[in-house]
Amino acid sequence: HQRWWSALVGVGFVVMSVCSVVGAWLATIDLTLPYVFASVCGFCSMCMCFLMVEPPVENVKAGSLSCGTLMEAIRAVLLSSSALRWMIIAPGFIVSINQTYLWMYPEFLSDCSITTSGRGYIFAIFNLVAGVSALLLRKIEDDAIGMRTVFVMLLGLAGSTCGLLSFVGSLAWIVILPQQVVRSVSGALFSQTINQAIPDAVRVTALSIRNALRVTVYITVL
């Protein structure tokens, strides 16, 4: 399962890099086409979400099936351990800060005198960097190293911010690369510890709560 999950995370970012090129090409035809393209993909994804159901898990001792409750999932995510809460919220907080930079990208890339099609290739590079980072971060199984990695990424964001404020030119977009490494931290870092701490009966619900919590943090930061 871990190998498949790691591969899917990496492949997901690679697919985003391909879609960035497709989106840039569509934008050269009509600026509304990338929106239509993304909307169709999003609608298909939403329909697939409604098909996802958490299966019951057999309770060997009781000889019955248990589907788990919402409150059990909340306790597993938020109340079971302060360290687990930190592992869930801290990476989400860093990604939340990183996501707010996205609002700067169009104006910043315009100042770099980059064409519309050129932006597609740059975003393709961004997504490839994020995909490789996700695969590398997945290999970190020591939580102590993972915590130090979180603080290193904070320093990377600070350095990227200084670069955005200081550099001007056609290659100034390179200072955005550290932000792409941060994009994958919430999905890859501490995943082994979090998965082991969540009971099987509420795994899907608990992970959905975790993701919703991170979205809430993102909205708050934004």
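This one's a predicted model, so the numbers in the text were calculated from it and none came from an experiment.
The hydrophobic cluster containing Val150 also contains Met153, counting ILVMFWY residues as joined when their side-chain heavy atoms lie under 4.5 angstrom apart, directly or transitively. One hydrophobic cluster holds both Ile122 and Val182 under the rule that ILVMFWY side chains link at heavy-atom gaps under 4.5 Å. A chain of hydrophobic side-chain contacts below 4.5 Å, direct or via other Ile, Leu, Val, Met, Phe, Trp or Tyr residues, connects Ile145 to Ile94. Hydrophobic clustering (side-chain heavy atoms under 4.5 Å, transitive across Ile, Leu, Val, Met, Phe, Trp, Tyr) keeps Leu8 apart from Leu135.
Phe13 meets the ring-ring contact (aromatic ring centres under 6.0 Å, His included) test with no other residue; sequence neighbours excluded.
Proximity of Leu164 to Tyr101: side-chain heavy atoms (C-beta onward) are separated by under 4.5 Å at one or more points. Using a 4.5 Å heavy-atom cutoff, the side chains of Ile125 and Leu177 are in contact. Residues Trp173 and Leu171 meet the side-chain proximity criterion, which asks for heavy atoms closer than 4.5 Å. Between Val181 and Val129, some side-chain heavy-atom pair lies under the 4.5 Å cut-off.
Taken to the nearest 0.5 Å, the CG atom of Leu157 stands 11.0 Å off from the SG atom of Cys162. Arg148 CZ to Ile140 CD1: the interatomic distance, rounded to the nearest 0.5 Å, is 10.0 Å. In this structure, CZ in Arg119 is found 13.5 Å from OH in Tyr105, a value given to the nearest 0.5 Å. With rounding to the nearest 0.5 angstrom, the CG atom of Leu154 is 11.5 Å from the OG1 atom of Thr149. We find the CH2-CG distance between Trp86 and Asp143 to be 9.5 Å, quoted to the nearest 0.5 Å.
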Start with the C-alpha distance between Phe167 and Ile174, add both sets of side-chain angles, then the distance that settles side chain to side chain contact (heavy atoms under 4.5 Å, CB included), and finish with yes or no. CA-CA 10 Å; Phe167 296 107; Ile174 293 177; over 6 Å; no
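Scanning all heavy atoms of the two residues, the minimum distance from Pro34 to Leu31 falls at CD-O, 3.4 Å. Closest of all the heavy-atom pairs between Gly156 and Pro178 is O-CB, 3.9 Å. The two atoms that bring Val175 and Ser160 nearest to each other are O-OG, 2.7 Å, heavy atoms only.
Environment of OH in Tyr121: sparse, with no more than 12 heavy atoms of neighbouring residues, nucleotides or ligands closer than 6.0 Å.
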N/O donor-acceptor pairs under 3.5 Å from side chains in residues 14-26, not counting sequence neighbours:
unit_1	atom_1	unit_2	atom_2	d
Ser17	OG	Val14	O	2.4
Ser20	OG	Met16	O	2.9
Ser20	OG	Asn127	ND2	3.0

